[in-house]
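Order of the sequence lines sets the chain letters (A, B, ...), proteins ahead of strands, with each chain counted from 1. Worth saying up front: this structure is predicted, and the values here are computed from it rather than measured.
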There are 2 protein chains.
Amino acid sequence: MPRAGLSRDAVVALTVELLDADPHAPITLAAVASRAGVAVPSLYKHVRSLDELRDAVAVVGVTRLADAVADAVAGASGRAAFRAAGRAIRAEARAHPGLYLASQPAPGREASAELLAAGERAVALLAGVVRREGLLAAREVDAVRIARAAVHGFVLLEAAGGFGLPDDVDASFDRLLDVVWAGFAELG
Amino acid sequence: MPRAGLSRDAVVALTVELLDADPHAPITLAAVASRAGVAVPSLYKHVRSLDELRDAVAVVGVTRLADAVADAVAGASGRAAFRAAGRAIRAEARAHPGLYLASQPAPGREASAELLAAGERAVALLAGVVRREGLLAAREVDAVRIARAAVHGFVLLEAAGGFGLPDDVDASFDRLLDVVWAGFAELG
DNA sequence: GTCGTAAAGCTAATGGCATTAGCTTTACGA
DNA sequence: TCGTAAAGCTAATGCCATTAGCTTTACGAC
């Protein structure tokens, strides 16, 4: 019987596939092993624990998010760049909701250095996009926090089915971006 | 040996206590039963399943959130009411982070009628606070969505430890509220 | 080509958890 | 006083993660 030829990256990739196939299914070693055609304990040759696997999956998710933002923002600036970044995040989250949710730091779980680095890259990209004529440097941290919170909150509520009304959600999101961008003038 | 004298409400209340005692511990029937001084299967006399218990806990959380908003908003209007509502939500979430997190609809899980009703009440309170001179009625839904997303996103990021920098988080939150309120002028 | 070895895989066992079935006992009203 | 429904129990099942320790494959050194 030939060998499965797994590797840490392959295990993580398989997990991401499972998440794409069924975004609401919990991440489980049993499911990954079955998908890989391997017995469950064999996974421990590639991954230290379920938590470590979750962390690695989150790294993939955050990295993809950052890549999407970097692509979307290229060549734009000001309000256009801000909108592009916001839309890119939402688009990525909608295309891969399971991965997006799995990328959220489980409160109380400490993140790996790799995950922290990926998160910092994403935040740095946002920081570049949030600058605006007249924004005080001292308010940049606030602006990034506000942008993250608004976009993240919207995407999360949407993914959780939190918007009951049939009104156009795409339009609401664009207005969120406009409201926040305009409101940044407040930060003087 | 005397009886524990449980009831559905008592089980839910015990679960909320556990969540307050350790916000990051997962909700588990084993923990609840141990706290109640009862064998695990006995809980099934009061609760249909773990999922139902989670739902009931979420009802408590959302109701408390709505109560906090109602209290905070009483007698205020306009920007002051908006700020009070936002601050009340964040304060409640910080005082009971486990309960707040447990109140978020698990994506893919369908909510009970009771939970939906509690959520609608909370949203209705927000709708009352979001009105502003010159806000088109047609934009009210957008405004509520934006406010929910911004506040919820901020609180969630904060609870997850998402704000790495030491900068004053209280101040950032107040600025978030100001930015959103000012930005509402955008909605015409 | 042969062979040694490290990695990749396996089976078996353990312990936590939710859930179900079916029994016993308590409390309380007739 | 006693019958009954609810509250509790033990036992059993099945899923999951994790660990220990064994077997086998692939691959480089000779």
Side-chain angles (χ1 to χ4, degrees), chain A residues 1-19 21-59 98 101-102 105-112 115, chain B residues 1-19 21-59 98 101-102 105-112 115:
Chain A
M1 58 193 83
R3 222 163 248 219
L6 285 183
S7 67
R8 186 188 146 97
D9 283 353
V11 170
V12 173
L14 241 28
T15 310
V16 170
E17 279 179 34
L18 285 176
L19 237 24
D22 186 353
H24 300 322
I27 293 180
T28 179
L29 290 183
V32 174
S34 156
R35 184 80 148 78
V38 133
V40 174
S42 305
L43 295 177
Y44 286 84
K45 291 288 147 100
H46 306 287
V47 148
R48 214 184 311 279
S49 69
L50 178 59
D51 272 354
E52 203 209 51
L53 176 57
R54 280 198 251 258
D55 188 282
V57 166
V59 171
L101 291 173
R109 182 96 55 218
E110 74 280 18
S112 68
L115 181 52
Chain B
M1 55 194 82
R3 220 163 252 221
L6 285 185
S7 67
R8 186 188 144 97
D9 283 355
V11 170
V12 173
L14 240 28
T15 309
V16 170
E17 277 179 35
L18 285 175
L19 238 22
D22 185 353
H24 300 320
I27 293 179
T28 180
L29 291 182
V32 175
S34 157
R35 185 78 148 80
V38 134
V40 174
S42 306
L43 296 177
Y44 285 84
K45 291 287 148 108
H46 306 288
V47 149
R48 214 184 310 278
S49 70
L50 178 59
D51 272 354
E52 205 208 52
L53 176 58
R54 282 199 250 256
D55 188 281
V57 167
V59 170
L101 291 172
R109 183 98 52 220
E110 73 281 17
S112 69
L115 180 51

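Note: CG (A:L29) to P (D:dT19) measures 11 Å, nearest angstrom. Rounded to an integer number of Å, the gap from B:Y44 OH to D:dT13 P is 17 Å. Going from atom CZ of B:R8 over to atom P of D:dG8 covers 16 Å, rounded to whole Å. If you measure from atom CZ of A:R54 to atom C1' of D:dT18, you get 14 Å, rounded to the nearest angstrom. Rounded to whole Å, the distance from CG on A:L43 to P on C:dA7 is 18 Å. Across the protein-nucleic acid pair, A:L6 atom CG and C:dA8 atom P stand 9 Å apart, rounded to whole Å. Across the protein-nucleic acid pair, A:E52 atom CD and D:dT18 atom P stand 10 Å apart, rounded to whole Å.
For the pair A:L6 and A:K45, the minimum side-chain heavy-atom distance is 4.5 Å or more. At least one side-chain heavy atom of A:L101 sits less than 4.5 Å from a side-chain heavy atom of B:P107.
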Walk me through whether B:V59 and B:D55 qualify under side chain to side chain contact (heavy atoms under 4.5 Å, CB included). CA-CA 6 Å; B:V59 170; B:D55 188 281; 4.0 Å; yes
For A:R54 and A:D51, run side chain to side chain contact (heavy atoms under 4.5 Å, CB included): C-alpha distance rounded to whole Å, both residues' side-chain angles, the deciding distance at 0.1 Å, then the answer. CA-CA 5 Å; A:R54 280 198 251 258; A:D51 272 354; 3.5 Å; yes
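Here B:V38 lies in heavy-atom contact (under 4.0 Å) with sugar-phosphate atoms only.
A 3.5 Å limit on both hydrogen-bonding distances identifies C:dG15 as the Watson-Crick or G-U partner of D:dC16. Checking D:dT23 for Watson-Crick or G-U wobble geometry (two distances, each under 3.5 Å) identifies C:dA8 as its partner. In this structure, C:dA30 forms a base pair with D:dT1, meeting either the Watson-Crick or the G-U wobble geometry with both donor-acceptor distances under 3.5 Å.
For the pair B:T15 and B:V57, the tightest heavy-atom approach, listed with the atom from each and the gap, is CG2-CG2, 3.7 Å.
Residue B:H46 has no polar side-chain atom (N or O) positioned under 4.0 Å from OP1 or OP2 of D:dA6. Dashed line: the shortest gap from a side-chain N or O of A:S42 to OP1 or OP2 of C:dA8 is not under 4.0 Å. Using a 4.0 Å cut-off, some side-chain N or O of A:T28 falls inside it from OP1 or OP2 of D:dA17.
Set against D:dG8, D:dA17, C:dA18, the side chain of B:A30 has C:dA18 as its closest nucleotide.
Residues B:K45 and B:D51 both approach DNA chain C. Their nearest nucleotides, taken by heavy-atom distance, put B:D51 toward the 5′ side.
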